[in-house]
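What you see below is based on every heavy atom in this structure, not just the backbone, and it leaves out hydrogens, waters and symmetry mates.
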Amino acid sequence: MNELERLAREAATKHGLDPRLICALCKVESSWIPWAVRHEPNYKWLYGKLEDGYPGTVDTELAMQRTSWGLLQIMGAVARERGFRGWLTELCDPSVNLEWGCKHLRWMLDHNNAYGLPDFRIKPEDLAAAWNGGTRIVIDGKYKNQSYVDLVVKAMVNYQ
């Protein structure tokens, strides 16, 4: 097990998440590249008053909230929503990225559990679908983002 996988497993365990899922998400989202970034200019769910208390200019903050960062490719706006206050570029630090990414996935599990099920009954596929699409959407027995979910499930096999 390499250092990044060890960090991912620790963060997952700290937040009560399946370490295999977190490792698989890192593989699928960034190929385990800590400095991976992707600007998504059409991302529309921004967080907070952009001129209030964040480092940098409003234009920089707008661009950074619309960017996915690091191992888990957490959106800048999502990190802000979960309480991250520093420069969003810090999300390229593996420990920071895994902490805030796992914190958000845990929040999704706790606050969007429309199934009313205990954690152990929610399938990793449901969380993978929600991570990628913001929520779990099933149409005719398949996830709306089924190809993404399939990639994550396939990657999970490598992290037993």
Side-chain angles (χ1 to χ4, degrees), residues 1-2 4-48 50 62-84 88 91-92 94 96-160:
M1 177 182 331
N2 68 36
L4 293 176
E5 184 179 338
R6 185 188 66 74
L7 289 171
R9 288 177 177 277
E10 285 177 5
T13 301
K14 174 184 173 184
H15 291 279
L17 300 168
D18 184 340
R20 298 170 310 133
L21 174 62
I22 299 305
C23 289
L25 288 172
C26 288
K27 175 65 178 167
V28 170
E29 290 287 344
S30 69
S31 297
W32 289 101
I33 299 170
W35 57 88
V37 295
R38 183 178 61 238
H39 184 63
E40 300 182 30
N42 297 322
Y43 189 80
K44 58 185 174 183
W45 295 280
L46 301 176
Y47 182 78
L50 299 176
L62 279 170
M64 292 174 92
Q65 282 200 25
R66 287 184 171 123
T67 299
S68 56
W69 300 92
L71 294 173
L72 286 169
Q73 289 292 281
I74 186 170
M75 292 301 297
V78 168
R80 290 286 190 234
E81 184 179 6
R82 296 283 74 80
F84 186 81
L88 289 168
L91 293 170
C92 287
V96 174
N97 186 274
L98 290 162
E99 172 64 20
W100 289 93
C102 286
K103 185 178 284 196
H104 179 60
L105 194 56
R106 183 74 233 181
W107 180 89
M108 292 176 84
L109 184 59
D110 291 342
H111 292 91
N112 296 313
N113 182 358
Y115 331 116
L117 300 173
D119 290 356
F120 66 86
R121 300 235 354 248
I122 296 174
K123 300 182 296 187
E125 293 91 334
D126 293 336
L127 289 174
W131 180 259
N132 177 252
T135 187
R136 171 192 170 270
I137 299 172
V138 178
I139 302 167
D140 295 328
K142 293 190 178 227
Y143 295 101
K144 182 177 179 183
N145 51 353
Q146 186 68 53
S147 59
Y148 176 85
V149 173
D150 291 344
L151 286 173
V152 173
V153 169
K154 184 177 177 184
M156 283 181 70
V157 172
N158 296 318
Y159 301 105
Q160 302 300 326

Legend entry - Set of salt bridge (Lys or Arg N to Asp or Glu O under 4.0 Å) partners for Glu5, sequence neighbours left out: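 Glu5: salt bridge (Lys or Arg N to Asp or Glu O under 4.0 Å) contacts with Arg9.
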Measuring only between side-chain heavy atoms, which start at C-beta, is [X] closer than 4.5 Å to [Y]?
| X | Y | result |
| --- | --- | --- |
| Val78 | Tyr47 | no |
| Val153 | Pro124 | no |
| Met75 | Gln65 | no |
| Pro34 | Asn97 | no |

Can you name the residues that form a side chain to side chain contact (heavy atoms under 4.5 Å, CB included) with [X], not counting sequence neighbours?
| X | value |
| --- | --- |
| Asn42 | none |
| Glu10 | Arg6, Leu7 |
| Val28 | Tyr148, Leu151, Val152, Ala155 |

Legend entry - Smallest separation among heavy atoms of Leu21 and Met156, with atom names: N-CE, 4.0 Å
Legend entry - Atom of Gly133, atom of Asn145 and distance for their closest heavy-atom approach: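 Distance-wise, the nearest heavy atoms are N-ND2, 3.7 Å.
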What's the separation between atom [atom1] in [X] and atom [atom2] in [Y], rounded to the nearest 0.5 Å?
| X | Y | atom1 | atom2 | answer |
| --- | --- | --- | --- | --- |
| Leu72 | Leu91 | CG | CG | 10.0 Å |
| Leu109 | Trp131 | CG | CH2 | 12.5 Å |
| Leu71 | Ser31 | CG | OG | 10.5 Å |
| Arg66 | Leu46 | CZ | CG | 4.5 Å |

Inset, instruction - Please name all residues satisfying side chain to side chain donor-acceptor pair (under 3.5 Å) with Asp150, sequence neighbours left out, ordered by chain then number. - result: Gln146
Inset, instruction - Using the test side chain to side chain donor-acceptor pair (under 3.5 Å), find all partners of Trp32 that sit at least two apart in sequence or belong to another chain. - result: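 In terms of side chain to side chain donor-acceptor pair (under 3.5 Å), with neighbours along the sequence ignored, Trp32 is linked to Tyr159.
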Legend entry - Aromatic ring proximity, centroids under 6.0 angstrom, Trp45 and Tyr43: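 Yes, they do, as the ring centres are separated by less than 6.0 Å.
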Inset, instruction - Report the residues that fulfil ring pair (Phe, Tyr, Trp, His ring centres under 6.0 Å) with Trp35, sequence neighbours left out, ordered by chain and then residue number. - result: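 None.
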Legend entry - Derivation of the side-chain contact (heavy atoms from CB on, under 4.5 Å) call for Leu88 and Thr67: CA-CA 9 Å; Leu88 289 168; Thr67 299; over 6 Å; no
List, one per line, each side-chain donor-acceptor pair under 3.5 Å for residues 98-105, sequence neighbours excluded.
| from | atom 1 | to | atom 2 | distance (Å) |
| --- | --- | --- | --- | --- |
| Glu99 | OE1 | Lys14 | NZ | 3.0 |
| Glu99 | OE1 | His15 | NE2 | 3.2 |
| Glu99 | OE2 | Lys14 | NZ | 3.4 |
| Glu99 | OE2 | His15 | NE2 | 3.3 |
| His104 | ND1 | Arg82 | NH1 | 3.0 |

Inset, instruction - Sequence neighbours left out, what pairs pass salt bridge (charged side-chain N to carboxylate O under 4.0 Å, His left out) with at least one residue falling in residues 19-38? - result: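 Every salt bridge (charged side-chain N to carboxylate O under 4.0 Å, His left out) pair that includes a residue of residues 19-38, provided the two are not neighbours, is Asp18-Arg20, Arg38-Glu40.
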